[in-house]
Q: 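To start, I am sharing the structure in question, which I have written as structure tokens.
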Amino acid sequence: MTEIQTTTSKERRTASRLADKFQPVEMPSLEYTDAVARETEPLYQKVKDVIPAIEWPVMAPYIKAINDLKKQRNAVILAHNYQTPEIFHCVADIVGDSLQLAQEAAKADADIIVQCGVHFMAETSKLLNPDKLVLIPDMQAGCSLAASITGADVRLLRERYPGVPVVTYVNTSAEVKAESDICCTSSNAVQVVESFGKDTVLCIPDEYLAKYVATKTDVKILAWKGHCEVHERFTADELLAYKEANPGLEIIAHPECPPEVIRVADFTGSTSGMIGYVREHKPAKALLVTECSMASNIAADTPGVEFIRPCNLCPHMKRITLPKILDSLVELKDEVTVDPLVADRARLAVERMVNLKS
Ligand code: 13P
Ligand code: SF4
């Protein structure tokens with residue numbers, strides 16, 4: 001595998017806002033009344049093993065207000081598997097990995113999509129369903145992978161490797177997607193790389209995902225040096241120490257982890273692949289080598305599995321909170337738009353991936 005790196009500047013333009021077309025609404029009451037307690041009790045039952053009872057009176061009024069406002073606004077909440085349990089289990093309409101969220105965004109018929117995840121996910125939703133108002137509760141929710149490469153970088157790569165197809169991980173800006181032939185996620189990267197029938201493919205910007213793909217295919221993979229700041233921190237030594245201390249422990253890793261970590265894992269897959277593995281195999285003890293909320297989200301419905309948790313937090317995913325989701329629905333902020341000059345080309349790259357037959 002060959003590694004490459006170049007850098008240049010980035011251009012940004014603006015697009016029109018849809019939010020102005022919606023009616024204003026009042027901020028709902030956030031009192032923890034008996035009625036709120038009764039109505040949210042079935043939701044608390046879903047998360048009672050991972051959210052202390054003392055925290056519920058603070059969360060419950062937000063959860064009720066968000067769920068009421070979703071109906072009033074005809075909004076749908078898409079939440080990534082890394083969202084905290086009160087978001088994942090109590091206000092989300094659809095949860096999943098990046099691919100599932102993109103597929104669901106494309107089909108959504110609500111007027112408003114609230115993306116509880118990071119900015120590239122919201123941008124992908126906007127690309128696939130451009131007539132909808134797409135909101136992200138915190139515009140600062142970024143991603144170290146998306147920040148690692150620009151559209152100009154991709155143009156330089158194309159000059160350096162003429163004729164080599166460019167596969168771009170969805171964890172990138174629309175501007176980068178626009179310069180790509182097709183997108184991929186961690187759940188379909190091998191299939192996407194092989195879909196060209198070519199002997200060499202650029203797989204950017206995650207170096208470790210590219211290295212993982214290279215172990216699964218005969219296609220020569222050219223990589224970029226981008227990394228996920230959450231997954232790059234895990235080490236094989238630390239995981240082997242946990243394995244020694246916990247006989248029977250299964251290590252379940254995300255492909256954004258360094259290769260030495262993947263080598264000691266019992267299973268490697270996308271966030272939904274990891275969840276599916278735990279639900280199907282029900283290991284007595286599991287260590288999810290990924291973001292912290294994943295274990296809490298699955299623990300809520302896999303009581304027989306003990307989770308060993310040397311997890312790392314994604315500071316970008318953790319910017320999304322119940323108060324910010326409520327603000328987002330009341331004030332219709334922050335609206336995610338995509339520069340019309342890049343949107344059509346970026347959409348093509350995402351649609352090619354979504355339409356790829358499995
Ligand atoms: P998934 O597509 O596996 O959900 O990964 C997205 C992500 O950001 C992982 O860090
Ligand atoms: Fe980006 Fe890593 Fe956070 Fe996923 S976990 S959003 S790849 S920084």
Q: Establish, from distance only, whether the side-chain atoms of Ser180 and Thr168 form a donor-acceptor pair under 3.5 Å.
A: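 There is such a pair (donor and acceptor under 3.5 Å, judged by atom type) between the side chains of Ser180 and Thr168.
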
Q: Salt-bridged, Lys107 to Glu104, with N to O below 4.0 Å?
A: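 Yes, Lys107 and Glu104 are salt-bridged.
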
Q: Is there a side-chain contact between Met59 and Tyr62, using heavy atoms and a 4.5 Å cut-off?
A: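 A side-chain contact under 4.5 Å is absent here.
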
Q: Just by modelled atom types, is the Thr150 backbone N or O under 3.5 Å from a matching donor or acceptor in the Asp153 side chain?
A: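 Looks like yes, one N/O pair under 3.5 Å.
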
Q: Would you say that Ile66 contacts Ile63 through its side chain, given a criterion of any heavy-atom pair below 4.5 Å between the two side chains?
A: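 They are not in side-chain contact.
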
Q: What I'd like to find out is whether the side chain of Asp181 reaches to under 4.5 Å of the side chain of Arg158, using heavy atoms alone.
A: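 Side-chain contact under 4.5 Å: yes.
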
Q: Could you tell me whether the side chain of Thr217 and the main chain of Ala214 form a donor-acceptor pair under 3.5 Å?
A: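 No.
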
Q: Just checking Asp34: does its CG atom have more than 12 heavy atoms from other residues, nucleotides or ligands closer to it than 6.0 angstrom?
A: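 Counting neighbours around CG of Asp34, 12 or fewer heavy atoms of other residues, nucleotides or ligands fall under 6.0 Å, so no.
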
Q: Got Ile308 and Leu249 here, is their nearest side-chain heavy-atom distance under 4.5 Å?
A: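 Yes; the side chains approach each other to less than 4.5 Å.
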
Q: Please determine if Asp111 and Lys132 form a salt bridge, counting it only when a charged side-chain N lies under 4.0 Å from a carboxylate O.
A: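 No salt bridge links Asp111 with Lys132.
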
Q: Judged by atom type as modelled, is there a donor-acceptor pair below 3.5 Å linking the side chain of Arg347 to the main-chain atoms of Lys126?
A: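 Absent.
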
Q: I want to check something: taking the side chain as every heavy atom from C-beta on, are Phe196 and Val219 in contact at a cut-off of under 4.5 Å?
A: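 No, side chains not in contact.
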
Q: Return yes if some donor-acceptor pair links the side-chain N/O of Tyr212 with the main-chain N/O of Pro258 below 3.5 Å, else return no.
A: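 Not a single qualifying donor-acceptor pair exists.
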
Q: Distance alone, cut at 3.5 Å: any donor-acceptor contact between the side chains of Lys318 and Thr84?
A: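 Thr84 and Lys318 do not have a side-chain donor-acceptor pair below 3.5 Å.
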
Q: Would you check if Asn171 and Glu256 make a side-chain contact, meaning some heavy-atom pair closer than 4.5 Å?
A: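 In short, these two side chains touch, coming nearer than 4.5 Å.
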
Q: Kindly compute the distance separating CE (Met353) from OG (Ser195), expressed to the nearest 0.5 Å.
A: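 Reported value, rounded in 0.5 Å steps: 11.5 Å.
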
Q: In plain terms, say whether Glu123 and Lys177 are close enough for a salt bridge, that is, a side-chain N and a carboxylate O under 4.0 Å apart.
A: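 Judged by the 4.0 Å cut-off on N to carboxylate O distance, Glu123 and Lys177 do not form a salt bridge.
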
Q: Without swapping roles, check the side chain of Ser186 against the backbone of His254 for a donor-acceptor pair under 3.5 Å.
A: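 No: the side chain of Ser186 does not pair with the backbone of His254.
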
Q: Are any side-chain N or O atoms of Asn67 and backbone N or O atoms of Cys90, one a donor and one an acceptor, separated by less than 3.5 Å?
A: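 Looks like yes, one N/O pair under 3.5 Å.
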
Q: Charged N to carboxylate O under 4.0 angstrom, Asp199 versus Lys220?
A: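 No, this pair does not count.
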
Q: Scan side-chain atoms only and decide if Ser296 and Arg309 contain a donor-acceptor pair under the 3.5 Å cut-off.
A: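 Note: Ser296 and Arg309 side chains meet the donor-acceptor criterion.
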
Q: Between Val114 and Pro137, which heavy-atom pair has the shortest distance, and what is it?
A: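 Reported closest heavy-atom pair: CG1-CG, 4.0 Å.
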
Q: Between Lys64 and Val36, what is the shortest heavy-atom contact and its length?
A: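 Residues Lys64 and Val36, closest heavy atoms: CD-CG2, 3.9 Å.
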
Q: Flag yes if more than 12 heavy atoms outside Asp109 fall under 6.0 Å of its CG atom; otherwise flag no.
A: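 Result for CG/Asp109: open.
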
Q: Please check if the side chain of Asp97 supplies one atom and the backbone of Gln100 the other of a donor-acceptor pair under 3.5 Å.
A: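 A pair under 3.5 Å: yes.
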
Q: Quick check, are the ring centers of Tyr208 and His231 under 6.0 angstrom apart?
A: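 For Tyr208 and His231, the ring centres are not under 6.0 Å apart.
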
Q: Would a distance-only check, ignoring hydrogens and angles, find a side-chain to backbone donor-acceptor pair under 3.5 Å from Thr302 to Val305?
A: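 Looks like no, no N/O pair under 3.5 Å.
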
Q: The test is side chain to side chain donor-acceptor pair (under 3.5 Å); show your working for His316 and Glu229 and say whether it passes.
A: CA-CA 10 Å; His316 311 290; Glu229 67 189 83; 2.9 Å; yes

Q: Quick check: does any side chain N or O of Lys225 sit under 3.5 Å from a backbone N or O of Glu207, one acting as donor and the other as acceptor?
A: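 No, the answer is negative, given that no donor and acceptor are paired below the 3.5 Å cut-off.
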
Q: Looking only at heavy atoms, which two atoms of Pro57 and Tyr32 are closest? And how far apart?
A: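 So the two residues come closest at CB-CD2, 3.5 Å.
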
Q: Under 4.0 Å between a side-chain nitrogen and a carboxylate oxygen: does that hold for Lys46 and Asp301?
A: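 Salt bridge between Lys46 and Asp301, a charged N being under 4.0 Å from a carboxylate O: no.
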
Q: I need the minimum non-hydrogen distance between Pro130 and Leu18, along with the two atoms involved.
A: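 Shortest heavy-atom contact: O-CD1, 4.4 Å.
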
Q: For the pair Tyr277 and Phe267, name the ring-plane relationship: parallel under 30°, tilted 30 to 60°, perpendicular over 60°.
A: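 Judged by the thresholds at 30° and 60°, the geometry between Tyr277 and Phe267 is parallel.
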
Q: Starting at NE2 of His89, measure out to CD of Gln45 and round the result to the nearest 0.5 Å.
A: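 That separation rounds to 13.5 Å.
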
Q: For Asn81 and Thr271, which I'm curious about, is there any donor-acceptor pair between the side chains at under 3.5 Å?
A: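 Asn81 vs Thr271: donor-acceptor pair found between side chains.
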
Q: Output, in order, the C-alpha distance, side-chain angles, deciding distance and verdict of side chain to side chain donor-acceptor pair (under 3.5 Å) for His281 and Glu250.
A: CA-CA 10 Å; His281 292 257; Glu250 292 205 30; 5.5 Å; no

Q: Between the side chains of Thr185 and Ser187, is a donor N or O closer than 3.5 angstrom to an acceptor N or O?
A: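 Yes, a side-chain donor-acceptor pair sits under 3.5 Å.
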
Q: In Å and rounded to the nearest 0.5 Å, what is the CH2 to CG distance from Trp224 to Asp206?
A: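 Taking CH2 in Trp224 and CG in Asp206, the distance rounds to 13.0 Å.
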
Q: Is any side-chain heavy atom of Val230 closer than 4.5 Å to one of Tyr82?
A: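 The answer is no; the side chains never approach within 4.5 Å.
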
Q: Kindly check if Cys184 and Cys203 bring their SG atoms closer than 2.5 angstrom.
A: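 Their SG atoms do not fall under 2.5 Å; no disulfide, then.
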
Q: Taking all atoms of both residues into account, what is the closest heavy-atom pair of Gly117 and Ala141, and its distance?
A: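 Gly117 and Ala141 have their closest heavy atoms at O-CB, 3.9 Å.
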
Q: I want to check something: taking the side chain as every heavy atom from C-beta on, are Ile325 and Asp327 in contact at a cut-off of under 4.5 Å?
A: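 The answer is no, as the side chains (C-beta and beyond) never meet within the 4.5 Å cut-off.
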
Q: To the nearest 0.5 Å, tell me how far Lys285 NZ sits from Glu306 CD.
A: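 Rounded to the nearest 0.5 Å, the NZ-CD separation comes to 5.0 Å.
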
Q: Using modelled atom types only, decide if a donor and an acceptor are shared between the side chain of Glu291 and the backbone of Leu313 within a distance under 3.5 Å.
A: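 Between the backbone of Leu313 and the side chain of Glu291 there is no qualifying donor-acceptor contact (under 3.5 Å).
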
